[in-house]
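Below is one structure; the comments refer to it alone.
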Amino acid sequence: MTPTTMPTSRMWRNYALGWLAYMLLLAVVLRLADPSTQAYNWRGLVPMLWIVPQALVLALHWPLSGWMERRQVPFKVRCLIHGVGAPAYATLSYGLPGLVYGWTQPLSFYVWPVLYSMMGYGVIATTFHMVRANAARRRQEVATQQAHALLVASELNALRSKLNPHFLFNTLHSIIALTRKNPNAAETALFQFSDMLRYVLDTEKTGSDHVTLNDELRFVRDYLELESLRLGTRLKVDWDLDDAASSHVLPALSLQPLVENSIKHAFNPHSRPGRLLIRTRLDPRTGTLVLSVGDDGPGADLGRVRASNGLGLRTVERRLQLEYGTADALAIETSPGAGFVVTMAIPLAANDKEFS
């Protein structure tokens with residue numbers, strides 16, 4: 001069923017009910033016009049049957065308005081067509097019965113009925129044009145929404161296509177660096193990397209860009225185990241996880257880039273040990289799943305972070321903006337010497353509905 005089927009059927013129902021109500025009103029007026037008689041003058045209703053063919057003729061405005069819409073008839077031409085049609089219809093409405101039954105009244109008697117019929121013609125014509133215009137507007141709105149959805153989906157796919165090679169390149173670079181220092185650990189890292197690659201490929205294969213938080217955390221743990229082979233005891237990780245949040249969903253590869261960002265900027269440039277804190281919790285007050293990744297590294301100037309061309313954080317932030325329409329998708333807390341914390345909040349209702 002198309003979006004315009006129901007409004008059109010409703011229009012025809014209302015059209016028929018309107019004419020029936022009009023005939024009922026005339027019947028009541030006829031009764032009130034002669035209150036002296038006890039019995040109702042049923043024979044006086046016979047001329048009202050002429051309303052039925054009038055209603056059928058005026059219903060032809062629907063295909064006529066459709067033809068005008070398809071041919072994109074200019075407004076001036078439409079006015080000209082109806083300017084000719086209205087007096088022609090009104091004249092025939094009262095001229096045809098006069099020819100059949102004879103003229104029982106002076107010609108001046110029919111002036112007001114003719115003008116009244118022209119007004120009825122205009123009301124019906126305008127109504128049908130408005131119904132079609134409203135249906136066209138609704139179709140345009142649906143088309144606009146679909147186009148916007150396709151645009152968002154295309155941009156999301158493009159962002160994911162950027163993020164996956166970014167992850168693969170950085171991880172392979174870490175394995176290459178490990179190969180020079182510890183070949184045995186590099187071999188273990190390659191097996192670890194194969195499991196991580198399977199996770200990435202599975203999200204591509206299923207066509208779904210959403211995973212449970214539990215799956216994303218498992219992927220992050222695999223990534224941290226691989227990095228620990230390279231960083232050794234320098235990398236310490238603390239987990240503060242809300243078990244109730246594990247079944248909720250989020251875009252795949254949204255938490256791992258935050259962890260990768262901390263490792264890249266907090267641990268790689270320095271030989272001292274560092275600590276990573278990963279937190280997850282449900283916030284019933286805001287109805288969101290809150291994830292944060294923080295480190296005790298050297299931190300950075302927040303303005304410079306926002307102005308940088310780094311791919312990881314910017315890609316995650318843009319994906320969240322497109323998915324959930326949130327302007328401030330990521331909250332970053334950092335300053336020189338004060339570590340680096342990134343927090344993202346994912347709406348629970350919208351995300352779980354999409355994933356179900």
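Note that the structure is predicted; figures quoted are calculated from it, not measured. All values below come from the heavy atoms of this structure, side chains included, with hydrogens, waters and symmetry mates left out. Throughout, residue positions are numbered sequentially from 1 according to the sequence presented.
Distance alone, capped at 3.5 Å, is enough to place a donor-acceptor pair between the Glu216 side chain and the Leu255 backbone.
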Could you walk me through whether Leu213 and Leu241 pass side-chain contact (heavy atoms from CB on, under 4.5 Å), step by step? CA-CA 10 Å; Leu213 175 60; Leu241 305 180; over 6 Å; no
Would Leu58 and Trp19 satisfy side-chain contact (heavy atoms from CB on, under 4.5 Å), going step by step from the backbone distance to the final call? CA-CA 11 Å; Leu58 290 176; Trp19 281 107; 3.6 Å; yes
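A distance of 5.5 Å separates NE2 of His82 from CG of Leu64, quoted to the nearest 0.5 Å. Atom-to-atom distance recorded for Glu317:CD and Met344:CE is 11.5 Å, nearest 0.5 angstrom. Distance check, rounded to the nearest 0.5 Å: CD1 of Ile278 to CG of Asp295 gives 11.0 Å. With values rounded to the nearest 0.5 angstrom, Met68 atom CE is found 12.0 Å from Arg71 atom CZ. If you take CG on Asn214 and CG on Asp243, they are separated by 9.5 Å, rounding to the nearest 0.5 Å.
The hydrophobic cluster containing Ile124 also contains Met119, counting ILVMFWY residues as joined when their side-chain heavy atoms lie under 4.5 angstrom apart, directly or transitively. Placement of Val220 and Val341 in two distinct hydrophobic clusters is found when ILVMFWY residues are connected by side-chain heavy-atom separations under 4.5 Å, directly or transitively. Put simply, Leu276 and Phe340 are part of the same group of oily side chains (I, L, V, M, F, W, Y) that touch within less than 4.5 Å, one to the next.
Within a 6.0 Å sphere centred on CZ of Arg78, heavy atoms belonging to other residues, nucleotides or ligands number more than 12. Applying the 6.0 Å contact sphere to CZ of Arg304 captures no more than 12 heavy atoms from other residues, nucleotides or ligands.
Under a 4.0 Å N-O distance rule, the pair Arg281/Asp242 does not qualify as a salt bridge.
Only one option out of Arg132, Arg70, His129 pairs with Ser65 in a side chain to side chain donor-acceptor pair (under 3.5 Å); it is Arg132.
Relative ring orientation between Tyr89 and Tyr121 is described as tilted, the plane-to-plane angle lying within the 30° to 60° band.
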